[in-house]
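Indexing begins at 1, ligand by ligand and atom by atom, following the structure's order.
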Amino acid sequence: MNANLEQIKQEIIVGAEELNTSREVYEFKKKFLDGKTGKIGLLMKEMKNIPPEERADYGKGVNELKVWALDFLGELDTKMKAKELQNRYESEKIDISLPAETTTEGNLHPITLIRNHLIDIFAGMGFEIFEGTEIETDYYNFTALNTPQDHPARDMQDTFYLSPEFLLRTQTSAGQIHVMEKQQPPIKILSPGKVFRSDDDATHSPMFTQMEGLVVDKGITLCDLQGMLDEFVKKIYGEDTKTRLRPSYFPFTEPSVEVDCSCFECGGTGCKLCKGTGWIEILGAGVVNNKVLENCGIDSNVYSGFAFGIGIERTAMLKYGINNIKLLFESDLGVLQQLND
Ligand code: PHE
C-alpha cells in the first residue's frame, strides 16, 4: 500500500515538471485532490476495503500524502502566479523616459477674455446681464432711441439694412429699449453683444463687440455715472487710472459724454499710445434722454438714468497694444498666443 502512495507522490513530482501555467497547476491539482474523482480522494474511499487492523496506518498515510500534495502544489501555484505576474509586468512595461507627444492647449480668445473680465467687474457692482438679438427692427435700434428716420445722427452709423424694417443692430443700445419696455425701475443691466456697421479700416471692422450698461432709478445723475466709471477703470487699468468726461452727442443721452481715462501706458505724461495727450478715449455715455424713458413708458418726472457703451475690440487693442483690429479676427495662432501670454 505504501508503495502505491509513494507512486502517486512520484507521479505528482514528475508531472509537476511539465506544468507551465497556473491554470495547468489548477487542473493537475484537481486530478489528485478532487474529493470525488481525484486520485488521493479515491484512496480515502478505499478505506472500507482495508482490513480493520490496517486502517489506522492507511488513513494516516493517505492523509500525510494529501497534506504534502496540498502544500507542494500550493507552493507551485504561488510560484507560477508570481512568474505570470512578472511576465505581464514585462510585456506591459511603459517606457517612462519616452518624450511625451506635445499637444497644444487651446485658450479663450482675447475678446472673450476681456468680455468676461468686464462682465465680472460689472456683475460685482450688481449689474445683471441682458442679451439682445443681432437682428433688430429700425424702431429698437434707432427710433425709440430718439433717432427718427430723418435724424442726422443716423449718419453716425452706416447701417446694414435687411429690409426697410429690419437691420443688423448697429449698437447694443437697442437692448436698453427692450429692457425698459418690460421692466420698471430700478434697472441695472449690462448687455454685451455683436454689432454691425458698414465700416472697414485699421481700427474699424464691420462686425465688432460692444457692452452696454444701463442704470435707471430715482435720483440717478451724471455723478453716479462718473463714480461708477472711476471704479471701473481702476479695476481694469489699475488703481492710479483717472477718468475725465468730455461733452459729446448721442441722441439717446442728454447730456452726452465721451469718457477718457489717463493713459495707462505713460501714466498721463504723453506717449505713442495716447498720441501725446496723456488721455485715452474709452467709451461713450450719458444721462438717459427723457424722451427715451417716455418712449418705454417710464415716468421721467420720477426716474432718471445713465447709460454707457464700451467697444470691446477697442479695449483689447488698447490693452494689448494692437494697432490693427483685423489681428483680432484673423485667428492667427501666432498672434493669439502672444496675446495670451
Ligand atoms: N451706442 C453708442 C455708440 O455705439 C455708445 C453709447 C451707449 C453712448 C450708451 C451713450 C450711451 O456709439
Check your understanding: Quick one: do Phe142 and Phe166 end up in the same hydrophobic cluster if we chain Ile, Leu, Val, Met, Phe, Trp and Tyr together by side-chain heavy atoms under 4.5 Å apart?
Key -> no

**Study point:** Check: Thr253 N/O within less than 3.5 Å of ligand 1 N/O
**Key:** no

Exercise for review: Please verify whether a non-hydrogen atom of Phe252 lies at under 4.0 Å from ligand 1.
Suggested key: yes

**Study point:** Which residue and heavy atom of the protein sit nearest atom 9 (C) of ligand 1, plus the separation
**Key:** Glu212 OE2, 3.3 Å

Check your understanding: Any donor-acceptor pair under 3.5 Å linking the side chain of Asp138 with the backbone of Leu167?
Key -> no

Review point. To the nearest 0.1 Å, how far is atom 12 (O) of ligand 1 from its closest protein heavy atom, and which atom is that?
Key: Phe250 CE2, 3.7 Å

Point to revise | Non-hydrogen side-chain atoms of Val216 and Leu293 separated by less than 4.5 Å | key: yes

Practice item. Establish whether Phe32 and Met47 are linked, either directly or via other cluster members, by ILVMFWY side-chain heavy-atom contacts under 4.5 Å. Key: yes

Practice item. With the side chain counted from C-beta on, respond yes when Phe232 and Met125 share a heavy-atom pair under 4.5 Å apart, and no when they do not. Key: yes

**Study point:** Minimum non-hydrogen distance to atom 7 (C) of ligand 1, winning option of Ala285, Gly311, Ala307, Gly309
**Key:** Gly309

Exercise for review: Give a yes or no on this: more than 12 heavy atoms of other residues, nucleotides or ligands lie within 6.0 Å of atom CG of Asp200.
Suggested key: yes

Practice item. Show which atoms of ligand 1 fall inside a sub-4.0 Å distance from at least one heavy-atom site of Gly284. Key: 6 (C), 8 (C), 10 (C)

Check your understanding: Arg197 near ligand 1, heavy-atom distance under 4.0 Å?
Key -> yes

Exercise for review: Please say whether Gln176 places an N or O atom under 3.5 Å from an N or O atom belonging to ligand 1.
Suggested key: no

Practice item. Answer side chain, backbone, both or neither: which part of Ser173 comes under 4.0 Å from ligand 1, heavy atoms only. Key: side chain

Practice item. Ignoring hydrogens and angles, tell me if any N or O in the side chain of Gln183 forms a donor-acceptor pair with the backbone of Val179 under 3.5 Å. Key: no

